[in-house]
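Take a look at the structure set out below.
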Amino acid sequence: MTTTIKISSFILLILTIFSCHNAEQKPIKTIKKDYGLFKNENDSLGVELKLNEFNNWKDLLKRTETIVCNDSLPKLTLKSDKGLKTVYFRNPCWEDFGCILIKQKNTIQIHNDTINKSDQFFYPLDSLANVLRRDFENNGKIPSLSANSEKLLIFISYDNGKIETFPKTLRKVINTYEKITDSIVLKIWLNEKIDVAPPPPPPEDWQAEIESLH
């Protein structure tokens with residue numbers, strides 16, 4: 001009887017160890033999200049931008065131009081403990097277009113760590129949630145803001161010496177976008193630096209305008 005109990009206990013121990021071993025080996029599913037990839041497109045169009053290959057912002061823009069002019073989409077994959085987020089940039093091929101007319105009200109510009117709306121109002125990057133929500137929830141109420149969230153275009157540009165902060169800015173744009181909407185129709189262009197006048201302080205009624213949208 002004692003021997004039977006010992007054998008049963010031993011078998012139970014082996015089964016427990018085997019079960020734990022299998023649980024440890026079970027692969028963890030990686031969550032992957034794509035932004036800027038439209039319904040009629042697939043990820044085979046994407047060409048990864050390897051940031052460590054570029055010395056400055058100008059070289060990155062040249063590579064982006066080469067990719068889009070070869071009928072592909074430049075992309076950048078952001079990795080974190082929660083998974084992978086891939087951003088497909090919507091830059092046009094300027095060889096095919098002399099110019100593209102874009103209404104300024106449908107754009108948000110981010111240069112270095114400063115947000116620029118309509119070349120008139122400048123805000124720190126920490127204000128991105130308010131600026132983005134303001135355009136998303138406008139729905140035609142304020143003529144100077146985007147009338148349709150799907151038309152909203154985000155320009156990102158950098159001084160050549162600050163390219164190393166680009167992934168951090170892009171991650172902030174994505175994370176902020178996720179908090180505001182469940183849409184993945186995110187249009188981001190990598191842009192050239194635009195020289196503008198020194199940024200004036202935000203308008204005094206900025207916070208009041210934001211609150212009026214809720």
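Keep in mind the model is a prediction, meaning the values are calculated, not measured.
- A donor-acceptor pair is defined here as one N or O able to donate and one able to accept, closer than 3.5 Å; such a pair exists between the side chain of Thr66 and the backbone of Lys62.
- In this structure, CD1 in Ile184 is found 8.5 Å from NZ in Lys39, a value given to the nearest 0.5 Å.
- Checked by atom type and distance alone, the side chain of Thr64 pairs as donor or acceptor with a backbone atom of Leu60 at under 3.5 Å.
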Exercise for review: Begin from the C-alpha positions of Arg63 and Val47 and carry the test side chain to side chain contact (heavy atoms under 4.5 Å, CB included) through to its verdict.
Suggested key: CA-CA 10 Å; Arg63 175 57 178 155; Val47 177; 3.6 Å; yes
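- Looking only at distances, no side-chain donor or acceptor of Asn191 sits under 3.5 Å from a matching main-chain atom of Ser157.
- Looking at residues two or more places apart in sequence or on another chain, you find a side-chain contact (heavy atoms from CB on, under 4.5 Å) between Lys103 and Lys105, Asn106.
- Here CG of Leu153 is found 11.0 Å from CG of Asp135. Values are rounded to the nearest 0.5 Å.
- Rounding to the nearest 0.5 Å gives a distance of 8.0 Å between OH of Tyr177 and CG of Leu132.
- Rounding to the nearest 0.5 angstrom, the gap separating the CD1 atom in Ile174 from the OG1 atom in Thr86 is 9.5 Å.
- Exactly one of Leu76, Leu186, Ile156 qualifies for a side-chain contact (heavy atoms from CB on, under 4.5 Å) with Phe89. That residue is Leu76.
- Judged purely by atom type and a 3.5 angstrom limit, Asn56 uses its side chain to pair as donor or acceptor with the backbone of Lys58.
- For the atom pair CG of Asn116 and OG1 of Thr107, the computed distance is 8.0 Å after rounding to the nearest 0.5 Å.
- Using a cut-off of 4.0 Å between Lys/Arg side-chain N and Asp/Glu carboxylate O, Arg90 and Glu41 are scored as salt-bridged.
- No donor-acceptor pair under 3.5 Å is formed between the side chain of Asn139 and the backbone N or O of Ala147.
- Other cluster members for Val185: Phe38, joined by side-chain heavy-atom distances under 4.5 Å among Ile, Leu, Val, Met, Phe, Trp and Tyr.
- For Glu178, the side-chain hydrogen bond (donor to acceptor under 3.5 Å, both in side chains) partners at least two apart in sequence or on another chain are Tyr35, Lys85.
- Judged by distance alone, with hydrogens and angles left aside, the side-chain atoms of Lys187 form a donor-acceptor pair with the main-chain N or O of Glu150 at under 3.5 Å.
- Environment of NZ in Lys32: crowded, with over 12 heavy atoms of neighbouring residues, nucleotides or ligands closer than 6.0 Å.
- With contacts defined as side-chain heavy-atom distances shorter than 4.5 Å, the pair Val68/Trp94 does not qualify.
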